[in-house]
Structure formats: structure tokens, C-alpha cells
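In this chain, numbering begins with 1 at the start of the sequence shown. Counting starts at 1 for both ligands and their atoms, in listed order.
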Amino acid sequence: MQLITFRKPVDLHVHFRDGAVLEAVVPHTTRQFERAIVMPNLTPPVTTAALAAAYRERIMAAVPAGADFTPLMTCYLTDTTCAKDLIAGHRDGIFAAAKLYPAHATTNSVHGVTSVERLDPVLAAMAEAGMPLLIHGELVHHDVDIFDREARFIDSVLAPLLDRHPDLRVVMEHITTRQGAEFARSHGDRLAATITPQHLLYDRNVLFSGGIRPHYYCLPILKRREHQLALRAAATSGLSNYFLGTDTAPHLRGLKENACGCAGVFSAPVAIEAYLKVFDEEGALDRFEAFASLNGPAFYGFAPSSKQVTYERRNWQCPAVIAAGDEEIVPLFGGETVHWALQGQA
Ligand code: DOR
Ligand code: ZN
């Protein structure tokens, strides 16, 4: 297949940041995606509808003229989230969903949730309102190995949470393990998972190939090959429980190439191309549209795009760095050959 045409995709998990980085990265997402679910882990975090509405304005100001793009905002849950404000924000069309970061699990999660049980009244209100809960699913505890955090979270936090809230709709964000892939399809259409390009492309060995490679460091961390293969099978299965969420997470180069480097892979400039590489290798290009453009909208309850995009099999060189103000961000595939290219849209 030399050309592939599908409905314009939706990215169900992006980090846009703010300021100069926001301005630099938004056009990369709007080039390929019609909508995106925007993560709220700014400093300070997006914890109220007013903060989200203001952030949405700043994002829209960074959308290039002529681009048709809708950011869908999320609320950062904390130990003190007010259910009434949250549900009002959802009803008013500001919040598409709420994001649960366990405290200290990842970038800007210090204000995250310390006890999921104590959040139960908020989760009950979300279930009643039909508002999806998006979860960073890692059990962060000093005696849980970093490679086991996801599986331990599923058993000790997520499974009980789903039992306590049978009507709550949940997205397991950026799953990274066989256990995550299996669990995501175990609760019918109320549970789903996003999968990033890097977790489909690589296993954990890439973090240490010839030396330490900070640009592959993200959270949850890359896992063993067996998990990568389970994720590839899940993404290409066509099942509606799996959909595209890049977790594109830009950090300035100096903050990645650092003695204490930040977690995150900036994949927006090559996102669809990266997923197409995987689907092509798996002989599953015919299932790409479900993963990229249909399953996510169906879960969230909005219509898929009415536009079609066409990608062609053509080699091009991804720039080694992308400018952000006076600084640089290293993208996924930076300096490498990319095998698919956007040809056009109709
Ligand atoms: O690698 C990651 N980067 N994982 C996350 O959960 C957050 C993200 C970020 O915001 O940088
Ligand atoms: Zn993320």
C-alpha cells in the first residue's frame, strides 16, 4: 500500500504546556489532528473551570490561521477537588474529562491525589454526570519497582475503583504492559486505554543503547519486549477499547539532557507517521482508522471527523530539533528518516 486515507485523527492525550513552548508545539498537533484531549499538569495545575477556559484561549491563540482544531480540556484532580464545580464545568462544556494523577507519579503531580478512596464522592458525581475519568495508572511507593508500578496499580487501585463505581467510565492513560492491555478490555465499553507511539516502537533496552538515552525516558517507563508486543497486538486489534493518545510531552533539551532529566517524549511532529510505521510492520494498516480516528470519539461521545486525510509512503528527514522561543526541543525520530508523509486532506 503506497497511500492510505482515513478520517482525520484525534489525539486523546497531549501536553501543550504554556508560553513559548505552547506556541512552538501546538502547530505540530494541529497539522495532523482535528481535536485533542489536553492534559492539565501545568504549574499551577488546571484545577478549575475558569483556569481551563483561560488555558483553552491561550491554546486557541497558538493555533495557526486556517487550521480547524478543537482542544478538549481536562481538570486536574486534587485531594480538595469540589465535585460541584467539576460537574458544572463539564455541564458547561469546559471540561471533557478529569485526570487523576497519583501524587508524585510524574511531571507536575505534586498536587495529585494522595488517597483515591477519599475522592469517592467526586468519582460518584462524575459517574452520575457521565464524565470520564482519565488515570495515570502507577502505584508509586518506595518499595514498588518502577517496572511493576502499572501492574500493581491495576490490582490494588484500579480494579477496586471500578468495582466501587460501576457506572464510571475510565481511560487507562498510556498503558505500557501486557497486564494493562488485558485489563483495558475486561470491562466492556466503560473502560478503555490510550497507547503512545514510543511504547509501540520500543522496549526498555533503547533507554541504554550505547549509553543513557534521555529522550526515550518517559513515564510510565518503557517496559520489556513482551509488553511492547502485547501493546502492538492490542493497538492493531481493532478493538474499541484501544485508541490513539500520543502523550506528546515536550521538555526543553537542557531539561532532558540533564543529571535529573524530565520524563516525556515529544512526538507531535511525527505522531501519525510513527503509528503508521507500527501498523505497517504489523500488517494492520486496514485497522489504523479505528485506532486513530473512530474509537476515541466513540468512547468520548463525539462524532468522528468528517474530513479525510491521506498519507503516502515517502521518506523524509525529521529535523534533529524543533525551536521553542530561544531554546530547542528534541522530537521523536529527531534526525532520523521517517517513512510516511502527510499528502493532503479533503
Ligand atoms: O513521560 C511523561 N511526561 N509522563 C507523564 O505522565 C507526564 C508527562 C509530562 O507532563 O511531561
Ligand atoms: Zn501525559
Q.
Check for me whether the distance between the ring centres of His174 and His199 falls short of 6.0 Å.
A. no

Q | Other residues, nucleotides, ligands: >12 heavy atoms within 6.0 Å of Arg190 CZ | A | yes

Q. In terms of atom number and element, which parts of ligand 1 are under 4.0 angstrom from non-hydrogen atoms of Ala249?
A. 3 (N), 8 (C), 9 (C), 11 (O)

(Q) Would Arg204 pass as a cation-pi partner of Phe147, given that its NZ or CZ must be under 6.0 Å from the six-membered ring centre and within 45 degrees of the axis? (A) yes

Q) Is the closest N or O pair between Val265 and ligand 1 shorter than 3.5 Å? A) no

**Q.** Under-4.0 Å heavy-atom contact with ligand 1, by part of Arg17 that carries it
**A.** side chain

**Q.** Identity and separation of the nearest protein heavy atom to atom 5 (C) of ligand 1
**A.** Thr106 OG1, 2.9 Å

Q) Can you say whether the rings of Tyr101 and His136 are parallel (under 30°), tilted (30 to 60°) or perpendicular (over 60°)? A) tilted

Q. Under 30°, 30 to 60°, or over 60°: which ring-plane class applies to Phe279 and Phe288, parallel, tilted or perpendicular?
A. perpendicular

(Q) Would you say the Zn ion (ligand 2) has His174 as a near neighbour, meaning an N/O/S atom of that residue under 2.8 Å away? (A) no

Q.
A quick test of your reading: do over 12 heavy atoms of other residues, nucleotides or ligands sit less than 6.0 Å from CD of Glu312?
A. yes

Q. At what distance is the nearest protein heavy atom to atom 3 (N) of ligand 1, and which residue and atom is it?
A. Ala263 O, 3.0 Å

Q: Would you kindly specify which portion of Asn41 sits under 4.0 Å from ligand 1, judged on non-hydrogen atoms: side chain, backbone, both or neither?
A: side chain

**Q.** Angle subtended at the Zn ion (ligand 2) by OD1 of Asp247 and NE2 of His15, nearest 10°
**A.** 90°

Q: Give the ring-plane orientation class for Tyr202 versus Tyr216, where under 30° counts as parallel, over 60° as perpendicular and anything between as tilted.
A: perpendicular

(Q) Using the ring centroid of each side chain, check whether Phe291 and Tyr275 are separated by less than 6.0 Å. (A) yes

Q: Determine whether any heavy atom of Glu173 lies closer than 4.0 Å to an atom of ligand 1.
A: no

(Q) If the cut-off is 4.0 Å to any non-hydrogen atom of Asp247, which atoms of ligand 1 fall inside it? (A) 4 (N)

**Q.** Residue portion contacting ligand 1 (non-hydrogen atoms closer than 4.0 Å) for Met39
**A.** neither

**Q.** Neighbour count >12 (heavy atoms, 6.0 Å) for atom CG, Asp326
**A.** no

Q.
Heavy atoms only, cut-off 4.0 Å: how does Cys218 contact ligand 1, side chain, backbone, both, or neither?
A. both

Q.
Please state which option from Leu219, Thr107, Asn108 has its nearest heavy atom closest to atom 4 (N) of ligand 1.
A. Leu219

(Q) Quick check on contacts: which atoms of ligand 1 are under 4.0 angstrom from a heavy atom of His136? (A) 6 (O)

